[in-house]
Amino acid sequence: MCRSDLKLELLIGRDEIGRRVKELAEEISRDYESPLMLGILNGAFIFMADLVREMKIPVEIEFVRVKSYRGVNTTGKVEILMDVSDVKDKDVLIVEDIVDTGITMNFLVKRVMKRGASSVKVCTLLDKPSRRIVDVIPDYVGFTIPDYFVVGYGLDYNGMYRELPEIYRICD
Ligand code: IMP
C-alpha cells in the first residue's frame with residue numbers, strides 16, 4: 001500500500017488482531033475480579049475499545065494522555081497532557097498500544113503506584129523488546145515484533161494512519 005509517499009507493508013491483519021485481542025481479554029478476565037483499565041491516549045484508543053468489549057468481568061475505564069514520541073525518534077521525555085485520575089486502592093491495568101524504549105510505561109507505572117493503586121500491571125498490544133532502554137516487562141502482550149516502525153489500529157506516524165484497521169510496517 002502507498003500513502004503519501006510512504007510504502008506500507010501489511011504486518012498483522014484484522015482477523016489475527018481480533019483473535020489475539022479476544023485471547024488477551026479472556027486471560028485478563030481470569031486473572032482479575034474487576035480491574036480499572038487505564039488506556040493511554042492517543043495510541044491505545046482502538047485497542048482499548050476492542051479489548052474492553054471482549055472482557056468477561058466488570059471493569060472500570062479511565063484514560064491518561066501522554067506525549068512521548070515524535071516521528072521515528074523517541075524524545076526520552078514524557079509529557080502529561082491528561083493526568084491519571086483516582087486510582088487509590090484499585091487494581092490498575094494500564095493498556096498501551098506499543099512498548100518501545102519502555103520510558104513511557106516506566107513513568108506511568110511509577111505514577112500510578114505513587115497515587116496509591118493496590119496493584120499495577122501492563123497490557124500492550126505490541127512489544128518491541130529489542131529497543132528497550134528502561135527495564136519494563138509487560139504482563140500481557142498481544143504481539144512481539146522486531147524493530148519496525150508500525151502504524152494502523154490506533155498507531156500513528158506524525159498523526160497519520162491511526163484509522164487503518166490492520167497494522168502495517170513503514171518500509172525504508
Ligand atoms: P516508549 O516510551 O519508547 O516505550 O514509547 C511508547 C510510545 O511511542 C507508544 O505509546 C507510541 O505512541 C510510540 N511508538 C513507539 N513505537 C512506535 C511505532 O512503531 N509506531 C507508532 N508509535 C510508536
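We count ligands from 1, going down the list as the structure has it; atoms in each ligand are counted the same way.
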Can you check whether Val150 has an N/O within less than 3.5 Å of an N/O in ligand 1? yes
Using 4.0 Å as the upper bound for N to carboxylate O, is an ion pair formed by Glu16 and Arg19? no
May I ask you to check if ligand 1 and Gly102 share an N or O to N or O distance below 3.5 Å? yes
Do Asp135 and Arg132 meet the salt-bridge criterion of a basic N to acidic O distance under 4.0 Å? no
Verify whether the ring centers belonging to Tyr161 and Tyr168 lie closer than 6.0 Å. no
Please could you name the atoms of ligand 1 that Asp97 approaches to less than 4.0 Å, counting only its heavy atoms? 9 (C), 10 (O), 11 (C), 12 (O)
Numbered atoms of ligand 1 (with element) below 4.0 Å of Tyr148, judged on heavy atoms: 19 (O)
Does some non-hydrogen atom of Tyr157 fall short of 4.0 Å from ligand 1? no
Under 4.0 Å, counting heavy atoms only: does Lys128 come that close to any atom of ligand 1? yes
Is Met105 close enough to touch ligand 1? Criterion: a residue heavy atom under 4.0 Å from a ligand atom. no
Give the numbers and elements of all ligand 1 atoms closer than 4.0 Å to a heavy atom of Glu96. 9 (C), 10 (O)
Is there a heavy atom of Val151 sitting under 4.0 angstrom from any atom of ligand 1? no
Can you spot which of Thr124, Asp127, Asp31 makes a side chain to side chain donor-acceptor pair (under 3.5 Å) with Tyr140? Asp31
Out of Asp156, Ile170, Thr104, whose heavy atom sits nearest atom 2 (O) of ligand 1? Thr104
